[in-house]
Every structure is written in C-alpha cells, then in structure tokens.
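First the structure, in the form of structure tokens, and then the observations on it.
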Amino acid sequence: MNKNAQRVVVTGIGIVSPLGHDTSTTWQSLLAGKSGIAPIKKFDARALGTSIGGEVKNFSPIIPQGASKYLQSTHDFTHFAVNACQEALADAKIYPKLSTSDRWGLIAGSAGLVVSYNYLERLQKQFASDGEIDWPLFAKKGRDLCSAQDFHDFHFNNSLIGLAQIHQISGLVANVNTACASGGQAIGLACQAIKRGQVDYALAGGFDSMLNIIGLSKFGLIGAMTEENHSPEHASKPFDLKRNGFVLGEGAAFLVLESLDGAKKRKAKIYAELLGEGNTLSCYRITDSPRSGEGASLAIKQALDDADISIEQIDYINAHGTSTKMNDLSETNAIKAVFKERAYELFISSTKSQVGHLISAAGAIEAAFCVLGIDHQMMPGTANLITADPECDLNYCAETVVKGNINYVLSNSFGFGGTNNVLALRRMNDE
Amino acid sequence: MMNDQIVITGLGCINALAENAEDTWKEMLNGKSGIETVAQFADLNLQYQKAAKIKSFNCQRLVKDRKLLKLISLDDAIGIYAANQAVENSDINQYRDLLGGEELKYYNNRTGLFVGSDGGGVSKEHEILPLIAEAQSWEEYGDKLHSTIQPMWILRSLLNNVLAHVGIKHQFTGVNQNIVNYAVSGFQALQEACHAIHDNKIDRALVVAFSSMVEVDMQQRWRAQGLLGNSDLGCFNAEADGTVFGEGGAAFFLERSSSATTRGVSSYAQILGLGFGSDSQGLFAVDPNSRGLFGAVHRCLEQAQISPKDVGLIIAHADGILTYDETEALVYRELFPEVPITSYKWALGNTRAAGGLLDTMMYIYSLKNKCVPAVSRKDLLCANAQELNIIDTQHVLIAAKPVLITSRGFDGLNMCLIIQ
C-alpha cells in the first residue's frame, strides 16, 4: 500500500433497482425481505425457458435539461444510469462545475448488449427473408435501416458520453467491460485514480439490462438461468442445495467517491471509506470458475493487502452468490482458502436473492449495499436459503438481517471471462 | 515523470500492411498504403468503398486453435493474434520456463493484462436472423431457439473475449482491465497498465488493442453519420472528405526496466507519460476550442516532466475529418509550432482503438532506423495546419527526443502518450 496515497471515501449513493427507483426505497425493501423478482412484463417472455426477472418497474426517466437528444430515447439502462447518477450527486451535495470538470472522473461498468431485437427484426424482415442477409439488396436499400437512434444505441460508450456531457466531467471518462465484474472494477479503477491523485472526485458505478429477447435468449442457450417461473420471488436462492441458476436483473448504481481530505474540508457526510480493491484473472475457463476458488481467493487477498487490513478485521462479505451450482461453491472455497477457520465466523450474504443478477451493474449495486449497510449498521441476509448445501457450509445469514458491529466489509464480483474483483470498505466512525 | 522506468520489451501487430511490426514498417517506409477499394464493397456498389482491411484474413491461420475459434468472433482473432505475437517477441516464456512451482505462480500473479477495443462489429449479432426468419410466433421462437442457434453465441459476443482467452493461454493472473471506449481504448489500457506497475500491483503487463469496423453493416451505419471518405487519408488535408476505417491489432509487453534487466532483454522504448482530456458534447460534437486535447497534452507533458520545446516529433491522430483535423491542428499550432509532425493513417487507415498502439509501434521502428516516414503526400493543408511543420519527405531523426502521440475519439475523448 502506498502510504502517500489519498484515502478515498464514499459521500453519495444513487440506485435504480428492481426494488425501487431510488436508494432509500431499494434499501428499505431489501431489509424488509421483499423480492424484486417477478414475471417479466416488458415483453412476452413466456415462450422462453425463463420468463421471470428483476425488472425495474413502472419507471419514468427524468432526463435533465441539456442532455443529448439521443439520451432521451435510448435503452432503459441509460435512463437508469442517468437517474442513479443524479441521485448520487444530489446525495453527496456536490456537482462537477466547469472549473472542477477536469478533476472529476466518470468510470462505469456498462451494458455489453446494445443491438436491439427491434433492429435485428427489421433487418430480417427487409433483407434476410430466409435468415441470410441479401447483401446486394441491403447495399441498395438498407441505407436508412439504421436510424440515427439505432446508431447511437449501438455505440458502446454512448451512455457514458451522455453522462459525461450532462455532468461536465472531463478528467477521466472510461467504460469498463469485464462482464459481471464490470461494476466492481469500475469502482476499483475510480478508487485507484483518486488514490494516485489523477482525479479528486469520481462518479463510479455500473448500469445494465439484459432483460430483453436477445439477453434472455443468449443466457437461456447456455442454461445459466433458473426456469422456476412459477415462483419468481423464490427462484434466486444462492448457496441453497436446490439452487439451479441465476435470475437476470436490471438497474444502475453509482457512488460519489472523493478524497477523505476533500470530503472533510467540505464537511460532507461520509458513508464509508473505500480502502482498496483486489483485481485478478482466473485464467481457467470462460464461463466456469475453478472449484478451488483460485483466482477469486487471490483477489480477496489482494483487496486485504491493498486495504492494509487482516482477515480478523473483516465482519461481512457481500458475496457474488449468483445461485448457480458452480459459482456458489467456488466462491465458498475461495473464502475458506483465505480466511481458514475464520471463514465460519464471517457474516456472508448474497443480495442477488432479492434483486437478481444485474450483470455489469451487479458489482456496483452490491458495493452500494455494503456502503448502506455500514452506514445503517445492518446488512441484508440471503433470501430463499432453505436447504443447506453441505459443500456451502458458511454463515450465509439465511433470511436474517445482520445488525451491529459492521466495520470492515468486502464486496465480491466475479465475471464471465474470469475477472475477479473484490472491494474493501470500512466504517469511518468519528475520525 | 513516472518514478519507475516502464519500458516496452515485446511487440505484436497485424494490420492492412502486414502481420508483424517489422514488415509493417518496411512497407510503410516504401510508401505502400494498406487502404484499398474493398472488393465486396465495390461489388455491392456501396457509397464508400475504401478501407484498410487485413489481407487474406483467415481466422484459423491467425489463431490456429480450432476449439478456440468456435468461442470467439473475427474481431477477437485480431487481438489474440497481436497479443500472442507480443508475448513471443518479449521472450518471457523462455524466462518463465526457468521458474517453477510457487515462483512461477508468483510471476504470473504479478503479470497483468489490459485490453482496449471498440467492441467490434454488428455481424456477431446476425446469428439470430435464421431463427427470426423461421419462427412464425413467439411459441415457435422459444421452441426452436436451442435447435437453431448455437449455445456459443453468447460467448462469441462477449466484449472481454480477448482478455479472457489471452489470459487463459498465457496464465497472466494479475491485475486486468477491459476498456471499451473506442479510439482512446488502447491508450487507456496502456495508461492503466502503467499505473498498475507504478503502484506496484504488478511488475509487468501485456497491453492489447484491436479494432475491426470493416464490414458492410458497419460501413452503412457510419455512412449515415457523414464521417466516411473515399479519398486516401492525408494529414490535415483541407480537401479531406472523411475517414477511412482500418482493421488492426497491436500489443506491447511492458515491464519495469529492472525486470527487463533481470531477464537480460533490451527494451524498445520508455514510456514517459500519458494524459487524458475530454470535451465531450455528444458522440460527434466537436469542441472548436479543443479543450479536451489541450488538457490531454498538458497532463501528458506534466507527467513526463517535460515542456513543449522538449518534444522532438508529433505523430498526429489526423483522421481525415476536417472539423476534427482543424481542432487537432489548433493545439499543435499553439503549443508545438515548429515540431515536425507526421501521421500514419494514410497507410494503416483509422484503426480507432488500435491506432495509438500501432502509431507507437511505428515510432519505435523510426527510432531504431533513425528515420520517420513522411505523410504520403503533402496536401493542401487545412487552415490551422498551414504553418505546421508537417514532414513530407523521409525525416531523419537527429536526436532521440521525446515523441508525442495522439489518439482522439469522435466522442470528444482524447489521449496522448509521450515516449522516448
């Protein structure tokens, strides 16, 4: 750990989730044990194997004045991000200005799926009647198929650029995509950028929605999702013996990060200190994680080292806990490998049991839950954990809210492709 | 200046001119351009037919591993090829062969992997079209999903495929990032790698950048934005009619100079600084005052601890779009009025995410051969470039002074690198 590095704190939180359109509603619902998972209503998903998900319900985006016109009618996930960012900044009571613009960073883990079914359906109807594109016809008459909106929607960093424009952020603008680890990695990257003095403030988080025909089809093809459509609120059951796949969710979460010195100077409310991160690559398989948890365990060790804390200090881990056989076992073994006997004393829970898997936003919303848990001294438990799995035998806080003595926490995010991200946070007390 | 000397000890690349750095350099020095009329575009009578495509592109030849080919897209093959070449060129495998057990594991844990890309083309999403065509109802769509579409579809469309597969092949288990931020992606990946080494999180890293936007669907999409051109790319050409996309991949193996010394290898160049700046007003809105590029240059100079007068050469982004070229030239006119300027897009096309690393690689060969390729021809220069020192003959490097290399996105994001 660089002793001269800036200390980084969280001073603002913004969330749009399956449990609510803001941080307070989401947090209260989470603690109350509510589920954000329900039958999908955006489109008719009944023909697909999985027809349930953690949708953001009845959402009406509030687009700020001056926003790019393409931000006003693009993907849902962009709107989630816009609102989460606004809430986070309002919560922190600080906004980038022209004079501070280059001292702000905007780093996001963002959606990897941007070609809409609507576009592909139009392409097929007009130029691929038998499923193969008639290129001569497309070349002749396809010039207007891709509207300006389609073009912007397909641009992977369109949302990020829109957010940077709205908030006048110019010091560091980066789009991270390491699948399910993206949101955690974005926060980790922002943390490092403040520590080294590259920027003083950052709006960091993630946004995603794969709750669409393409997303459900792709995940359905590899059998990663549960098909327990009859009981949506009980379908996501991390660490339960009967778990059989994850439930897709959608949403956005952003944190305002800044240097401790800066936050103190402006007398900001400090929710928690972001101590550091672990960031490794498993180098195993694309969709599988090793049973031993190697890779993930290295990331946990790195996070502890970066934070300069010991295993004895950790009170709680927000697990990646996807509710798949393999992830939950691999993660359990990773925790055991690092914490040894202490692993059994830790409070561990997976909030995916209530909101589903937000993919690129997962690490961000779970980091936000950790921050809220530290602030409120309460952490949500794991819902739907009824039948113990003998191989997953740690304390996953089944249906139990953890109260008090939450001082040091870790937030785990592990992605397809093998990227492992672990964030380390702590309570600030009265420093 | 970055406290630790971070040096480049391995190179890998593929582009429209050649499939390695040495041959690319030779072709460029001979004045050969990789920009051509693409036969498929001409056959289809597309409005814009030029591109710098990789010649005789064959995934199987590039990647070799047949199993892997089923899991990746064509775009990914370009990045993976460049990455493997840089690892081979760095000779680190010979060094790793000497290590065993825990020592090897530690070495791999201290080796990072950083990738920058523009996310690739649309074609990988076309796999669903036969199903849409066949299904007459949602019920039928659901019934036929598994029999019509290969399960590997999702894997082929993952944006972090190059990171994942290069990691698996070479077992680089340390810090990693996958940046998808168009033209600045390559330099942002490089910047994160340098920071991770500087912050002592790793000792070395492979940095990969790749881009592949040359396909019919993408060409039609970009045409509609009015950014494509049909003439050869000049450098700050007043008559430029737009940009010409190129395919390419580039990779660097980076390490602390002490690490290079330990394993007895020489370095190609030293990285002095990187800087980012944004004046983003939307995807294609250009700031006439170029605040973003000014910011990127200043931060880069500051990190390198040098002043504008110390810069010996500029490799410009100069992508052939007049408004972008004018705003870029404005910065050089203000800060570097006499510094020689060149650009390599006339030969490589606009390779976006890979552009910065490819330009850097060509500079490394300039350094090695003490000769800078000029722009292909001296055009009628755009207004802000009239007084610039744009080199139109092969320029002999007098001294190995620091060089500034620029990457700019249409989205207002800018990055600069200073190396020597």
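The structure presented is a predicted model; accordingly, all values stated were derived computationally and were not measured. Naming convention: chains lettered A, B, ... in sequence-line order (proteins, then strands); numbering from 1 in each chain.
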Indicate the atoms forming the closest heavy-atom contact of [X] with [Y], along with that distance.
X	Y	answer
B:Ala133	A:Ser129	CB-O, 3.5 Å
A:Gly142	B:Gln220	C-NE2, 4.1 Å
A:Ser170	B:Ser278	CB-O, 3.1 Å
B:Leu129	A:Ala128	CD1-CB, 4.3 Å
B:Ser157	A:Lys218	OG-NZ, 2.8 Å

What part of [X] is in contact with chain B, defined as an atom under 4.5 angstrom from a non-hydrogen atom: side chain, backbone, both or neither?
X	result
A:Val173	both
A:Gln198	side chain
A:Ser110	neither
A:Leu172	both
A:Leu216	neither
A:Asp130	backbone
A:Arg285	backbone
A:Tyr284	backbone
A:Leu160	side chain
A:Ser217	both
A:Tyr119	side chain

Hey, does the side chain of [X] reach the backbone of [Y] with a donor-acceptor pair shorter than 3.5 angstrom?
X	Y	answer
B:Asp411	A:Asn158	no
B:Tyr182	A:Phe156	yes
A:Asn175	B:Val180	yes
B:Gln171	A:Cys283	yes

Below 4.5 Å from any heavy atom of chain A, which atoms of [X] appear? Answer side chain, backbone, both or neither.
X	value
B:Leu46	side chain
B:Asn176	both
B:Glu134	neither

[X] side chain near [Y] side chain, heavy-atom distance below 4.5 Å:
X	Y	answer
A:Trp135	B:Asp43	no
B:Arg291	A:Leu98	yes
B:Ile168	A:Ile286	yes

Nearest 0.5 angstrom please: [X] [atom1] to [Y] [atom2], how far?
X	Y	atom1	atom2	result
A:Leu221	B:Ile149	CG	CD1	7.0 Å
A:Leu120	B:Glu127	CG	CD	11.5 Å
A:Asn177	B:Ser185	CG	OG	11.0 Å
A:Thr178	B:Leu158	OG1	CG	11.0 Å
B:Glu125	A:Ile214	CD	CD1	6.5 Å
B:Ile128	A:Leu123	CD1	CG	11.5 Å

Hey, which of A:Asp44, A:Asp102, A:Ile169 has the most heavy atom pairs under 4.5 Å with chain B? A:Asp102
Where do A:Asp306 and B:Lys201 land on the salt bridge (Lys or Arg N to Asp or Glu O under 4.0 Å) test, with the steps shown first? CA-CA 9 Å; A:Asp306 196 35; B:Lys201 292 182 181 301; 2.8 Å; yes
Within the 3.5 Å criterion, strictly below it, is a donor on A:Asn157 or B:Asn181 matched to an acceptor on the partner's side chain?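 There is such a pair (donor and acceptor under 3.5 Å, judged by atom type) between the side chains of A:Asn157 and B:Asn181.
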For B:Trp222 and A:His155, take the angle between the two ring planes, folded into 0 to 90°, and tell me which bin it lands in: parallel under 30, tilted 30 to 60, perpendicular over 60. perpendicular
Please step through salt bridge (Lys or Arg N to Asp or Glu O under 4.0 Å) for the pair B:Asp199 and A:Lys195, ending with a clear verdict. CA-CA 10 Å; B:Asp199 294 345; A:Lys195 276 188 174 186; over 6 Å; no
Please identify each residue that fulfils ring pair (Phe, Tyr, Trp, His ring centres under 6.0 Å) with B:Phe41, with sequence neighbours left out. none
